[in-house]
Each structure stands twice: as structure tokens, then as C-alpha cells.
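A, B, ... follow the sequence lines: proteins, then strands. Residue 1 opens every chain.
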Amino acid sequence: MCFIRRLAIHRSSKAQRLKQRPDRPPVHRGDSLMRASRLYAPTLKENPNDAEVVSHQLLTRAGYIRKLTAGVYDFLPLSRRVLRKIETIIREELDRAGAQELLMPLVQPAEIWQESGRWQQYGPELLRFKDRKGAEFCLGPTHEEVIVDIVRRDVRSWRDLPLNLYQIQVKFRDEVRPRAGLMRGREFIMKDAYSFDVDEAAALTTYDAMYDAYKAIFTRCGLDFRPVEADTGSIGGSRSHEFQVLAESGEDAIVSCDACDYAANVEQAELRAPALAPAAPSAPAPTVVATPQLKSIDEVSAHLGLPARALIKSLVVEADGALVMALVRGDHELNEIKLKKLLGATSVEMASEERILKSFGVPAGFLGPHALPAGAVSRVVADAALRGAVDMATGANTRDAHFTGVSLERDAQVSAYADLRLAGAGDDCPRCSGKLRAFRGIEVGHVFYLGTKYSAAMKCHIIDEQSVERPIVMGCYGIGVSRVMAAAIEQNHDAEGICWPMAIAPFQVHILTLQPNVPEVVACAEALYAACQRAGIEALYDDRELRAGAKFKDADLMGIPLRVAIGGRGVKDGVVEVKGRREAAATLVQISGAVEHLKAQIAGQLTGQLTPAERAQ
RNA sequence: CGGGGCGUAGCGCAGCCUGGUAGCGCACCAGUUUUGGGAACUGGUGGUCGGAGGUUCAAAUCCUCUCGCCCCGACCA
């Protein structure tokens with residue numbers, strides 16, 4: 001059903017019926033967004049066939065967005081309001097943190113990217129094109145080059161610093177595979193900030209201020225999130241945090257300590273080597289046991305009657321072309337990023353089945369570090385949890401056979417023990433005596449200490465207090481604004497639709513007339529709607545000529561936090577029904593006190609989410 | 001880029017294997033009856049079957065090429 005088609009145009013007999021109702025108000029032009037009869041929010045009964053994730057389905061069904069092409073979406077009026085709310089919170093907090101808003105171009109010339117070196121480094125994700133004269137350009141996936149070009153023109157002295165500039169703007173990244181609706185689009189709305197400081201100490205102070213601002217922003221958005229330590233990736237700065245919205249459907253795995261503040265992306269999470277009590281091997285030497293067709297840890301563990309932790313998982317990877325065997329305990333998983341760092345390799349991937357067969361003569365399920373075929377791998381490395389491990393079971397490098405009684409230090413040539421495994425629930429916190437818990441998260445923000453990578457490459461220098469010329473020390477800070485909207489839904493929805501946090505809902509209150517043809521009901525609704533506007537409450541008024549059921553369904557889909565249902569029965573008794581979107585039952589509220597009641601409810605749902613001005617009081 | 005799937009009315013789908021009148025539900029239009037959780041009935045409107053080529057008396061259906069979209073993987077400042 002489409003809101004606008006339903007009610008925008010009344011003709012013939014319907015128009016006559018409407019004319020017969022003298023109390024029906026004329027079409028309001030000034031507040032058309034607030035009346036469902038005028039609001040462009042086409043809702044859908046069924047899920048579109050190309051939407052898989054909840055946020056994409058609900059945003060589409062509830063009339064917030066439409067897809068134009070792969071990874072590119074239209075933001076319809078409802079979602080524009082949500083985005084505006086998120087943007088307002090971001091602006092208020094960043095302005096308070098001393099940042100200044102500006103706006104940079106989406107189209108960027110190739111020259112500055114060549115200067116920073118990224119014209120070559122950046123892959124096909126950078127959408128490049130030529131103008132009519134043949135000059136090369138790209139659509140901005142990020143704006144380090146542009147901002148550095150701006151700052152280097154006019155900033156000369158340490159006295160001009162610190163400087164922190166941000167924008168909220170559309171970005172384009174030609175993702176290999178756009179997916180999950182707004183969560184990983186090609187075109188998306190991003191807030192990106194860039195800081196400029198005189199030295200590293202000052203830059204880290206700015207970093208901390210931005211970190212705090214981010215915490216305030218996501219708290220005010222009403223989201224359950226964690227700042228986590230993140231991999232610094234190819235930029236390789238010294239400090240980086242991701243802000244992760246907790247949601248089952250999140251792409252990122254994160255762990256956080258149940259006792260202290262430690263939280264990290266599992267790619268990054270460090271692990272302390274367990275204090276293994278030194279034990280002497282009880283088996284004098286490895287023994288071959290038959291394990292026909294048994295390849296997986298589970299199968300072998302069940303067959304031998306040993307727990308998975310008594311097995312060694314032997315993984316073979318190709319590190320820059322050379323085969324390396326990496327050992328982790330049977331109940332652990334390899335972290336390829338840690339392995340890559342240990343090996344100092346530029347690429348690490350699991351070796352192909354063919355390559356393993358060629359080198360070992362047996363399939364991957366029967367590999368082990370003892371009795372390795374000569375030259376099969378260039379080296380063997382092991383996770384720190386295996387240091388001193390005795391009496392373990394491993395593959396025997398023979399088809400359909402494993403060893404038991406393998407003691408690593410005696411029976412294998414391990415060139416290094418290091419933290420190589422993936423952190424998971426139940427592991428010890430690396431900072432305190434707590435335990436780690438596992439979560440899934442959606443990365444909505446990232447703060448990054450950049451150092452001088454761009455300022456040095458692009459000669460963005462200042463003269464410091466000692467009259468020495470030096471590159472400015474930078475940081476960059478992103479928030480995926482449109483992704484915040486999607487993440488909020490991933491975290492806040494039920495079977496019926498969206499359940500917006502109050503702070504970012506498109507409206508605060510949804511007023512429904514249950515019998516739009518009963519004059520008393522309409523009069524009551526109009527009066528409440530007008531009173532809400534006077535009181536500064538953002539109300540969407542569903543004045544459409546629809547049955548109550550359809551209005552309830554649409555209201556649940558749209559997810560406005562408070563719903564006021566006005567029906568004939570209640571109006572006779574002088575009451576209306578108020579229901580929170582997440583609540584099961586409505587409460588009856590006297591019409592005379594309805595506005596005050598709504599104001600209190602709104603304030604209650606915004607508790608702890610003060611604006612900078614309110615915090616200053 | 002590898003693997004898988006899908007393009008038929010605005011939306012969701014069937015029909016394709018085995019060639020022969022393009023169909024269903026929702027939405028939309030008209031009317032009647034309804035009216036507190038996506039109303040019922042009656043009658044309507046709407047399709048170059050993603051595109052191009054081919055086979056055939058005849059192609060949504062078979063063949064070739066092509067474009068688009070979705071999912072898994074690889075990738076992701």
C-alpha cells in the first residue's frame with residue numbers, strides 16, 4: 001500500500017463523501033510531512049526479493065529507502081529525517097570537541113592521489129573517470145588528499161594548530177561486492193574528520209577528545225556499542241579504535257572483558273600464553289593409530305576418545321608462495337592476521353588441497369609436525385598455548401593415520417611459538433584477570449591516529465616553535481552515518497518492524513485515528529496533533545482513510561517510539577491509548593493530560609542522552 | 001574474481017523440464033457492503049516475459065551471446 005496513492009487524490013464519489021464531512025480539515029500544505037496522508041512513505045506488505053538483512057528489509061518495507069542500483073539507495077523523507085537526527089547529534093558533539101564543519105568535493109583530480117601515492121595503491125574500489133579533455137578524476141572514497149591540500153595551502157605556523165575539520169557528505173567506493181543494503185553500500189553518507197597537530201603528543205590528545213566525542217555521539221543515538229581496539233591495517237598508525245554497535249547480524253567478531261574496559265576486534269585481540277604447568281611426556285614416543293577416513297578434529301577426537309584440546313590442529317598456509325605449517329590446539333582457531341605479522345608476509349592464505357597433496361602426499365586431514373616429509377614446508381610455527389605440550393594427537397602425514405603421544409619439543413621442529421590464535425569467549429583477558437566474552441558488531445565509527453603519512457607525502461608542513469619545518473601530525477575519524485541508521489535497526493527491531501531509539505526516530509509520536517470517519521475521533525486527533533506541534537513534540541499524524549488494522553501494521557513497521565491510538569470508545573470516555581513501540585500493552589491516558597504524558601515519556605526515553613548544552617547546565 | 005541463484009504487470013511469485021490462448025496473490029480503478037490488528041464481494045486497468053541473435057510453421061519455454069540483480073567466498077582507509 002502506498003501512502004500517497006491512497007489519499008492524495010480524492011475523486012468522484014469519494015470526494016463527495018468527504019465533502020459531506022464539514023469537520024474534515026482542508027489539506028495542510030505547511031505540515032504535509034507530518035500527515036500520513038501527505039507523507040511520501042510507500043510501505044510494502046511483502047519483503048522485496050533482493051533484501052536479505054533485516055535493516056534492508058524493514059527500511060524498504062516501511063518506506064524509508066528504495067534501491068536505485070546495486071549498493072546505491074534513495075533516501076525517502078522518513079530516512080532523511082533519521083539521517084538528519086544522527087547528523088545533528090554528530091555536529092553538536094564534534095563542534096563541542098572543537099572541530100569545524102566544512103564541505104569538500106565528491107569529485108577529485110588524480111594529481112593529488114598521485115602525490116599521496118594512492119592512485120597506484122588504491123585498487124578498483126576507487127572509481128576513476130576522465131572528463132571531456134581526458135583529464136583523470138575519481139569519486140572520493142575518503143578525503144585525506146583533499147583536506148591535506150586545503151590545509152597545506154594556508155597553514156604555515158604551529159600557531160595555526162590544532163585544527164580539526166570535518167564534513168558530512170556522500171562517499172563512493174566501488175565495493176567488490178556491495179551487500180546487506182545500507183550496511184555495505186557503494187554510495188553512502190559519511191562523516192569524516194581530520195585533525196592536524198604540531199606533534200604526536202598533541203595529536204594523541206586530539207585523538208582522545210575525538211574518542212570521547214564518539215562515545216557521546218553513539219550514547220546519544222541510543223545505541224548499545226563498544227569501542228574496541230582495532231587492527232591498524234595498511235596505514236599502520238599506532239592507535240586505532242573501532243566503534244561497534246552490538247548486533248547478532250554484525251560482520252565483525254569482537255571480544256570484551258567482563259571485568260575491565262578491554263575490548264578488541266578478534267583480529268586484533270591479544271592473548272596471554274597460558275601458564276602451562278611443565279609436564280613430562282608419559283608416552284616414550286609417538287604411536288601410529290589408524291583413523292580411516294577421519295579428517296576433522298571432531299571425528300578424530302571422538303574416535304580416539306580424547307578432548308579436542310588434546311589434539312594439535314596442523315594448518316598449512318601459503319605465505320608469499322612458501323608453505324608454512326601453523327599449529328594450534330584442537331579447540332582453538334588460527335588468526336591469519338597474527339600469523340601474517342609473525343611471518344612478516346604480505347599475503348597469507350590457506351594452501352590449496354592440490355598443493356598439500358603434492359607436498360605431503362596426503363590430504364589436509366592427516367597432517368602433523370612429526371615425521372614431516374623432507375622439504376614439505378619451509379618452517380613450522382606454533383601457537384603459544386602449545387608451548388611444552390605433551391602427549392598430543394596429530395596427523396601422521398600418512399593416509400588414514402594419526403599419531404598419539406606426540407610431545408612437541410621432543411618430536412617436532414618448531415621454529416617459533418607466538419600468539420597465533422583467534423580470541424574467543426572464555427579466554428583470559430590480556431589486561432586483567434577477567435574473562436573475555438564474544439560479541440558480533442557492526443562497525444559504525446573508526447578513529448585513527450595517522451601520523452605524518454599524508455602530510456609528509458604531500459608536503460603539508462609547519463614551522464614549529466624552534467623554527468624547524470616539520471610535517472603536521474594527523475588523525476582521521478569516520479562515522480558511517482547511513483550505516484548507523486541500518487545498525488540501529490539491526491539492533492532494535494522485532495517481528496513487526498523497526499523499534500527506533502527515541503533520539504534518532506523520524507518522529508517521536510505517531511497519532512492514529514482508528515475511525516477516520518467519526519467526527520469526534522477526528523476532532524480529538526486534530527486537537528492532539530496541534531497541541532503536540534505547539535509543545536514541540538514531533539508527531540506524525542495518520543489521518544488516512546484506512547482501517548485500524550492497516551494503520552497499526554504500518555505504525556509497527558515504521559517504528560516510531562510512541563503511538564497514540566484514538567478511537568470512538570476512548571474518546572467517549574475522554575481517553576486515548578498510548579503505547580510504547582516495544583511494549584505489549586497500551587495505557588489509557590486522559591485527553592486533557594495527553595501532551596504532558598507524551599512529553600514525560602519522550603524525556604524518559606532520552607534520559608542519559610544529554611546534548612552538550614544540557615550537559616553544561 | 002571463483003562458486004551458486006534469479007530476471008515474467010508497480011511488488012511478491014507460478015508457467016520453462018516436455019515449444020502452441022501469459023497466469024495467480026497483493027497493489028491500482030469503479031461499485032456495494034464493511035470498519036479496533038494489513039476487510040469481503042462484483043466488475044475493470046495494466047505485460048516488447050531483462051536485451052540481442054539463432055533454431056522452428058510457431059519461442060517466456062530450446063541454443064548462443066550479452067546486460068542487470070541477489071547470496072557465499074576472496075577483498076575491505
Side-chain angles (χ1 to χ4, degrees), chain A residues 1-6 9 11-14 17 42-53 56-57 60-61 63 66-72 113 116-118 121-126 140-145 171 173-181 183-186 190 192 194 230-237 240 242 251-252 265 267 336-337 347-350 352 443 446-450 453-454 474-478 480 496-497 512-518 521 544-557 563 565-571 576-577 579 586:
Chain A
M1 156 196 26
C2 169
F3 273 43
I4 199 162
R5 297 299 296 276
R6 273 289 191 169
I9 302 158
R11 285 200 203 94
S12 62
S13 65
K14 215 172 229 176
R17 262 186 285 153
T43 59
L44 266 23
K45 268 189 193 174
E46 290 166 297
N47 274 325
N49 87 123
D50 57 2
E52 189 80 6
V53 298
H56 187 195
Q57 291 177 339
T60 304
R61 282 189 58 205
R66 285 293 181 262
K67 185 175 77 180
L68 212 211
T69 185
V72 179
W113 285 76
S116 72
R118 289 208 291 183
Q121 284 168 27
Y122 229 100
E125 199 173 287
L126 185 63
T142 176
H143 280 69
E144 280 83 5
E145 283 79 3
K171 293 276 187 282
R173 294 181 188 175
D174 199 358
E175 291 278 347
V176 192
R177 180 156 94 81
R179 70 184 98 173
M183 302 266 279
R184 182 175 287 272
R186 293 196 292 173
M190 185 170 177
D192 47 325
Y194 305 88
D231 184 19
T232 46
S234 50
I235 280 192
S240 171
E242 290 167 352
E251 281 189 317
D252 293 329
N265 195 306
E267 291 176 352
E336 289 183 39
I337 291 175
S347 96
V348 164
E349 51 190 83
M350 297 303 292
S352 67
E443 182 190 349
H446 201 153
V447 292
F448 216 106
Y449 170 79
L450 276 180
K453 174 175 167 129
Y454 296 95
M474 292 178 62
C476 67
Y477 317 88
E496 296 301 314
L512 320 184
T513 50
L514 268 21
Q515 293 97 14
N517 52 348
V518 173
V521 169
R544 297 172 303 164
E545 302 264 343
L546 285 182
R547 297 161 70 90
K551 291 191 176 187
F552 286 138
K553 287 289 185 189
D554 272 345
D556 287 345
L557 249 190
R563 187 186 80 189
I566 302 178
R569 299 201 294 254
V571 169
V576 294
E577 287 170 25
K579 188 179 99 63

Atom [atom1], compared across [N] and [M]: separation rounded to whole Å:
N: B/A40; M: B/U35; atom1: P; result: 14 Å
N: B/C63; M: B/U18; atom1: P; result: 10 Å
N: B/C17; M: B/C62; atom1: C1'; result: 11 Å
N: B/C26; M: B/U21; atom1: C1'; result: 25 Å
N: B/G68; M: B/A77; atom1: C1'; result: 30 Å
N: B/U8; M: B/A52; atom1: P; result: 15 Å
N: B/G10; M: B/C28; atom1: C1'; result: 9 Å
N: B/G46; M: B/A22; atom1: P; result: 14 Å

With sugar-phosphate meaning primed atoms plus P, OP1 and OP2, does [X] contact a base, only sugar-phosphate, or nothing at under 4.0 Å between heavy atoms?
X: A/Leu68; result: nothing
X: A/Arg61; result: base
X: A/Lys67; result: sugar-phosphate
X: A/Ala180; result: sugar-phosphate
X: A/Arg186; result: nothing

Counting only side-chain nitrogens and oxygens, does A/Thr69 get under 4.0 Å of the OP1 or OP2 atom of B/G68?
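False: A/Thr69 side-chain N/O out of range (4.0 Å or more) of B/G68 OP1/OP2.
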Residue-phosphate contact under 4.0 Å: A/Lys45 side-chain N/O, B/G25 OP1/OP2:
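The answer is no; no side-chain N or O of A/Lys45 sits under 4.0 Å from OP1 or OP2.
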Which is more 5' along RNA chain B, the nucleotide nearest A/Glu496 or the one nearest A/Ala51? Just name the residue.
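Of the two residues, A/Glu496 wins.
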Hey, which sits more toward the 5' end of RNA chain B by its nearest nucleotide, A/Val53 or A/Ala548?
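The answer here is A/Ala548.
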Once you apply the 3.5 Å cut-off to both distances, tell me the Watson-Crick or G-U wobble partner of [N], or none.
N: B/G20; value: B/C57
N: B/C75; value: none
N: B/G7; value: B/C67
N: B/C41; value: B/G31

Using whole Å, what does the distance between atom [atom2] of nucleotide [N] and atom [atom1] of [X] come to?
X: A/Glu175; N: B/C71; atom1: CD; atom2: C1'; answer: 16 Å
X: A/Arg179; N: B/C76; atom1: CZ; atom2: P; answer: 12 Å
X: A/Glu577; N: B/G37; atom1: CD; atom2: C1'; answer: 12 Å
X: A/Glu52; N: B/C72; atom1: CD; atom2: P; answer: 7 Å
X: A/Asp174; N: B/A77; atom1: CG; atom2: P; answer: 16 Å
X: A/Asp50; N: B/C69; atom1: CG; atom2: P; answer: 10 Å
X: A/Lys171; N: B/A77; atom1: NZ; atom2: C1'; answer: 11 Å
X: A/Glu251; N: B/C71; atom1: CD; atom2: P; answer: 11 Å

Does A/Glu144 reach the side chain of A/Leu450, with side-chain heavy atoms less than 4.5 Å apart?
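Side chain of A/Glu144 against side chain of A/Leu450, heavy atoms only: contact under 4.5 Å found.
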Using the side chain to side chain contact (heavy atoms under 4.5 Å, CB included) criterion, which residues pair with [X]? Sequence neighbours excluded.
X: A/Pro178; result: A/Ala70, A/Glu175, A/Arg186
X: A/Asn49; result: none
X: A/Gln57; result: A/Asn47, A/Ala51

So, for A/Tyr194 and A/His143, which heavy atoms are closest and what is the spacing to 0.1 Å?
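The pair with the smallest heavy-atom distance is OH-N, 2.9 Å.
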What pair of heavy atoms forms the shortest contact from A/Tyr122 to A/Trp113, and how long is it?
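Closest approach of A/Tyr122 to A/Trp113, heavy atoms only: CD1-CZ3, 3.6 Å.
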Is a donor on one side and an acceptor on the other found under 3.5 Å between the side chain of A/Arg173 and the backbone of A/Leu126?
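Such a contact is absent between A/Arg173 side chain and A/Leu126 backbone.
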The side chain of A/Glu125 lies closest to which of these nucleotides: B/A77, B/C76, B/G36?
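So the side chain of A/Glu125 is nearest to B/C76.
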Starting the side chain at C-beta, find the nucleotide from B/A77, B/G37, B/U35 nearest to A/Phe448.
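Given the options B/A77, B/G37, B/U35, the side chain of A/Phe448 is closest to B/A77.
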Can you tell me if A/Thr513 and A/Lys551 form a side-chain donor-acceptor pair at under 3.5 Å?
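Checked: A/Thr513/A/Lys551 side chains pair up, N/O donor to acceptor below 3.5 Å.
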So does A/Arg118 reach the base of B/A77 with its side chain, donor to acceptor, closer than 3.5 Å?
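By the distance-only test, no, there is no pair.
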Tell me every residue that passes salt bridge (Lys or Arg N to Asp or Glu O under 4.0 Å) with [X], counting only those two or more places apart in sequence or in another chain.
X: A/Glu251; answer: A/Arg184
X: A/Asp192; answer: A/Lys171
X: A/Lys67; answer: A/Asp50
X: A/Glu496; answer: A/Lys553

Under 3.5 Å, N/O pairs linking protein and nucleotides 9-11 of chain B:
none

Sort me out a list of protein N/O and nucleotides 1-3 of chain B N/O pairs below 3.5 Å, or just none if empty.
none

